[in-house]
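The structure appears below as structure tokens.
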Amino acid sequence: MAILFDEKKKIFYLHTKKTSYIMGFLEEHLVHIHWGKRLNEISSIEQAVPFRRRNFSHYTAENDQICLDNIPQEYPTYGNTDLRSPAFHAQYADGTTITAFRYVSHSIINGKPELDGLPHTFRRDDKVETLDLVLFDEKTKLEVHLLYSVFEDKDAITRSVKVVNTGDVKADIKRIMSANVDLFGKEFDVISLCGATQRERYINRSPLTFGEYRVDSKRGASSHMRNPFIAVASKYATEDVGEVYSMNLLYSGNFTADVYVDQYGMTRMGIGINDFDFNWKLDAGETFQSPEAVLVYSDEGIGAMSRIYHDLYRENLCRSKYAMKVRPILINNWEATYFDFNEEKILEIATKAKKAGVELMVLDDGWFGKRNNDECAMGDWWVNTEKLPNGIDGLAEKVEALGMKFGLWFEPEAISPDSDLYRQHPDWHIQVPGRTTHLGRSEYLLDLANDEVCDYLIDVIGNIIRSAKISYVKWDMNRNMTDIGSPALPADRQRETAHRYMLGLYKIMDALTSEFEDILFESCSGGGGRFDAGMLYYMPQTWASDNSDGINRLLIQYGTSLAYPAVTMGSHVSAVPNHQIHRTTSFKTRYTTASMGQFGFELDITKMEDEEFEKMAECIKHYKKVRETVQFGDMYRLLSPFEGNYAAWQFLSKDGTQVYICCSNVLAVPNGPYNFVKCRNLEPDAIYYDEDNDIRMSGAELMSIGLPHLEIRDFDSKTYFFKKQ
Ligand code: GLA
């Protein structure tokens with residue numbers, strides 16, 4: 001049993017194989033007791049939560065010892081003796097903002113209920129139990145369900161919160177965190193994933209100190225700049241040792257991840273929808289469901305934390321048929337042609353790509369309406385027959401006839417002011433009438449808080465997909481949300497727009513990915529502007545960044561891998577000088593970096609010299625050998641590009657028989673120091689053989705001595721592929 005309730009001591013135990021999450025009641029208050037290493041039993045709450053009255057405490061007349069400010073809370077609300085930031089804050093019809101949830105009941109469910117309209121993890125073959133803990137506020141008649149699902153073998157716990165207004169007057173929810181944890185101590189580092197466009201998800205680690213640390217997005221997307229991931233780790237935590245407490249939100253819109261150190265050195269961490277500019281009107285009888293948060297604790301370092309996320313996301317989050325299937329190697333025409341292509345050119349690329357062993361030809365932006373540049377035609381989803389005289393179906397047929405699959409790009413959420421769609425529906429985009437609506441890449445965002453718009457998109461995109469032999473869809477979104485308002489919503493629901501947009505988007509993606517379950521979907525947002533676990537539920541891979549430079553991508557992919565597995569990261573070899581940052585790197589190095597993800601190409605191979613074309617074919621052959629290990633094996637980060645000149649990764653197949661190692665360096669160091677890449681988790685006595693490099697070593701040697709990593713020139717790299725003998 002993963003979930004136990006000790007009636008006598010009033011304690012809940014949520015156990016995974018290696019961890020425990022424990023909470024209980026101190027009088028009527030739900031307090032947090034422990035999240036960490038497996039702990040089968042607590043002697044008493046009083047012992048575990050040493051509360052006492054302190055100076056400047058506040059208390060009730062009946063009990064002057066309990067002040068919630070001094071005690072770790074499970075789901076703190078506003079309006080009691082806890083004066084820190086609450087997890088829940090609402091305003092009621094009488095204008096007041098105080099909530100006092102008290103225990104009503106609980107149930108333990110075998111399995112995991114779905115979250116209505118939101119992405120969520122699910123049970124595949126594993127043991128999963130769910131605790132539904134029901135609390136109630138007598139005065140306002142709000143009922144709250146704290147939902148905890150325990151993935152016992154995966155060592156992960158998911159949380160979400162559902163609020164039901166059982167009264168007869170409305171309430172306004174102002175803040176609703178999906179998870180909150182109060183930890184004793186503050187001797188932590190905080191780790192987040194921050195960056196910018198073309199520099200997504202760089203690792204950001206700093207000492208935690210008194211005050212508040214917040215990583216959030218107010219951009220209507222999870223964003224390039226911040227990712228809905230947060231961790232606090234012991235100061236000595238490395239890839240292999242130390243404690244890490246982490247949270248990742250399954251949500252693609254405005255989020256906040258907050259870490260707060262209080263006056264007693266207690267750390268409160270939480271994650272949820274951003275409360276900034278958020279208000280949700282909950283009428284009598286209505287329910288609000290928060291997005292799901294995944295909580296992972298590891299006492300075996302940051303690497304072990306990542307491997308838990310990777311396993312959970314591959315098996316229990318990506319619901320696509322492709323979740324556990326080897327993914328095709330693709331070629332995308334974007335950086336090869338931009339808008340300047342026709343059927344002949346695409347077929348020329350496809351024909352040559354097929355010869356090299358590519359499996360999927362993807363036609364990117366520019367195939368519809370009058371879209372010959374990025375200033376117009378978003379929303380005009382009909383084929384441009386000047387470029388493609390035989391239509392998408394004709395082109396798809398010809399690509400299929402080559403023995404390849406065909407894929408197509410869409411940006412369904414956008415609308416150009418210069419488009420027929422806009423001329424027909426000037427009120428269909430996010431806007432505040434009477435105010436300037438700002439452009440982003442010459443486009444607005446369609447108002448997905450409007451059901452009519454969502455239904456239209458399901459219809460129009462569905463019709464195109466149905467009309468041709470399409471095996472892959474790239475779903476792009478190229479701006480953030482500004483001037484937030486929905487012409488479809490009444491005044492008192494305007495602050496629901498950004499979240500309703502996400503619900504609309506999830507509804508559209510749910511409809512299309514369910515109907516077209518044989519299609520592989522890849523999401524994208526100007527590169528990696530919406531690389532989050534919410535999108536992965538519907539679409540099992542994401543274009544990690546528009547920056548395809550083989551060196552910058554080391555950082556992007558290294559950071560991304562903190563929470564997301566390699567198989568979810570679209571990663572391509574592109575031309576040199578690189579189109580984003582103009583760096584020239586060797587084909588080998590671009591391949592080494594791209595081979596650590598979901599591999600493909602994005603360059604004009606029709607212009608390739610024979611010698612380079614041969615290299616391309618060799619890389620494809622090589623990736624086909626290693627891809628199962630990369631996509632479904634365990635990833636070990638060996639050297640961090642954030643800490644020096646080198647980056648190295650190891651992928652170990654689940655059965656332990658194949659080991660793929662990628663080593664890269666940034667600059668050459670003349671007569672540089674000796675540097676070894678030491679492998680992880682191999683069998684010490686087993687012999688491993690790398691045919692490509694003709695190296696035979698024992699597991700013990702590979703782990704203790706390692707492989708020499710000596711840079712010869714700038715931006716160099718080397719790969720090894722060992723098989724256990
Ligand atoms: C975004 C994507 C690119 C490409 C272009 C097309 O920038 O990230 O990969 O699809 O749009 O306009």
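In this chain, numbering begins with 1 at the start of the sequence shown.
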Over all atoms of both residues, closest heavy-atom pair of [X] and [Y]:
X: I302; Y: A237; result: CD1-O, 4.2 Å
X: T592; Y: C662; result: CG2-CB, 3.8 Å
X: N552; Y: R583; result: N-NH1, 3.9 Å
X: R327; Y: Y322; result: NE-O, 2.9 Å
X: I3; Y: Y148; result: CD1-O, 4.3 Å
X: S20; Y: L39; result: OG-N, 2.8 Å

Evaluate the ring planes of [X] and [Y], with Trp represented by its six-membered ring, and classify them as parallel (under 30°), tilted (30 to 60°) or perpendicular (over 60°).
X: Y623; Y: F599; value: tilted
X: Y309; Y: F229; value: perpendicular
X: F721; Y: Y660; value: perpendicular

Kindly say whether [Y] contributes a backbone atom to a donor-acceptor pair with the side chain of [X] at under 3.5 angstrom?
X: E359; Y: L330; result: no
X: S234; Y: E243; result: yes
X: E129; Y: S149; result: no
X: S717; Y: S664; result: no
X: Q580; Y: Q198; result: no
X: H310; Y: F632; result: no
X: T568; Y: P565; result: yes
X: N693; Y: I695; result: no
X: N227; Y: L193; result: no
X: R201; Y: G528; result: yes

Check this for me, if you would: do [X] and [Y] make a salt bridge, where the nitrogen-to-carboxylate-oxygen distance has to be below 4.0 angstrom?
X: K724; Y: E683; answer: yes
X: D258; Y: R214; answer: yes
X: E643; Y: R637; answer: no
X: K625; Y: D692; answer: yes
X: K154; Y: E315; answer: yes

Classify the side-chain pair [X]/[Y] by whether it contains a donor and acceptor separated by less than 3.5 Å.
X: Y472; Y: E522; answer: yes
X: Q598; Y: S571; answer: no
X: S653; Y: D655; answer: yes
X: S222; Y: S217; answer: no
X: N681; Y: D634; answer: no

Between [X] and [Y] (judged by ring centroids, cut-off 6.0 Å), do the two rings come close enough to count as a pair?
X: H32; Y: Y21; result: yes
X: W649; Y: Y558; result: yes
X: H120; Y: Y537; result: yes

Item to complete: Mind running salt bridge (charged side-chain N to carboxylate O under 4.0 Å, His left out) on K18 and E300 for me, showing each step along the way?
Response: CA-CA 10 Å; K18 295 185 179 168; E300 292 164 23; 3.3 Å; yes

Heavy atoms from other residues, nucleotides or ligands near [atom1] of [X] exceed 12 (cutoff 6.0 Å):
X: K37; atom1: NZ; result: no
X: E691; atom1: CD; result: no
X: E628; atom1: CD; result: no
X: K325; atom1: NZ; result: yes
X: K235; atom1: NZ; result: yes
X: E611; atom1: CD; result: no

Fill in: R696 to Y689, cation-pi by 6.0 Å centre distance and 45° axis angle
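Yes, R696 lies over the aromatic ring of Y689.
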
Worksheet item: Does the pair R307 and D155 meet the rule for a salt bridge (charged side-chain N to carboxylate O under 4.0 Å, His left out), with working shown?
Response: CA-CA 10 Å; R307 287 185 289 280; D155 279 317; over 6 Å; no

Worksheet item: side chain to side chain donor-acceptor pair (under 3.5 Å) between D532 and Y564: does it pass, once the steps are laid out?
Response: CA-CA 8 Å; D532 57 67; Y564 310 101; over 6 Å; no

Discussion item. Would R590 and E602 count as a salt bridge (charged side-chain N to carboxylate O under 4.0 Å, His left out) here? Give the steps.
Written reply: CA-CA 11 Å; R590 279 174 279 153; E602 183 136 354; over 6 Å; no

Discussion item. Is the shortest side-chain heavy-atom distance between I605 and M616 below 4.5 Å?
Written reply: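 Of all side-chain heavy-atom pairs linking M616 with I605, at least one is under 4.5 Å.
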
Item to complete: With salt bridge (charged side-chain N to carboxylate O under 4.0 Å, His left out) as the test, would you mind laying out the steps for D153 and K17 before giving the verdict?
Response: CA-CA 6 Å; D153 295 331; K17 245 178 6 204; 5.1 Å; no

Fill in: Chi angles and distances behind the side chain to side chain donor-acceptor pair (under 3.5 Å) call for Q658, T629
CA-CA 7 Å; Q658 311 207 345; T629 302; 3.2 Å; yes

Practice prompt. Show your working on side chain to side chain donor-acceptor pair (under 3.5 Å) between Y591 and H622 and close with a plain yes or no.
Written response: CA-CA 10 Å; Y591 167 66; H622 184 263; 2.7 Å; yes

Practice prompt. Take Q557 and R553, measure what side chain to side chain donor-acceptor pair (under 3.5 Å) needs, and give me the verdict at the end.
Written response: CA-CA 6 Å; Q557 293 174 196; R553 272 286 189 133; 3.0 Å; yes

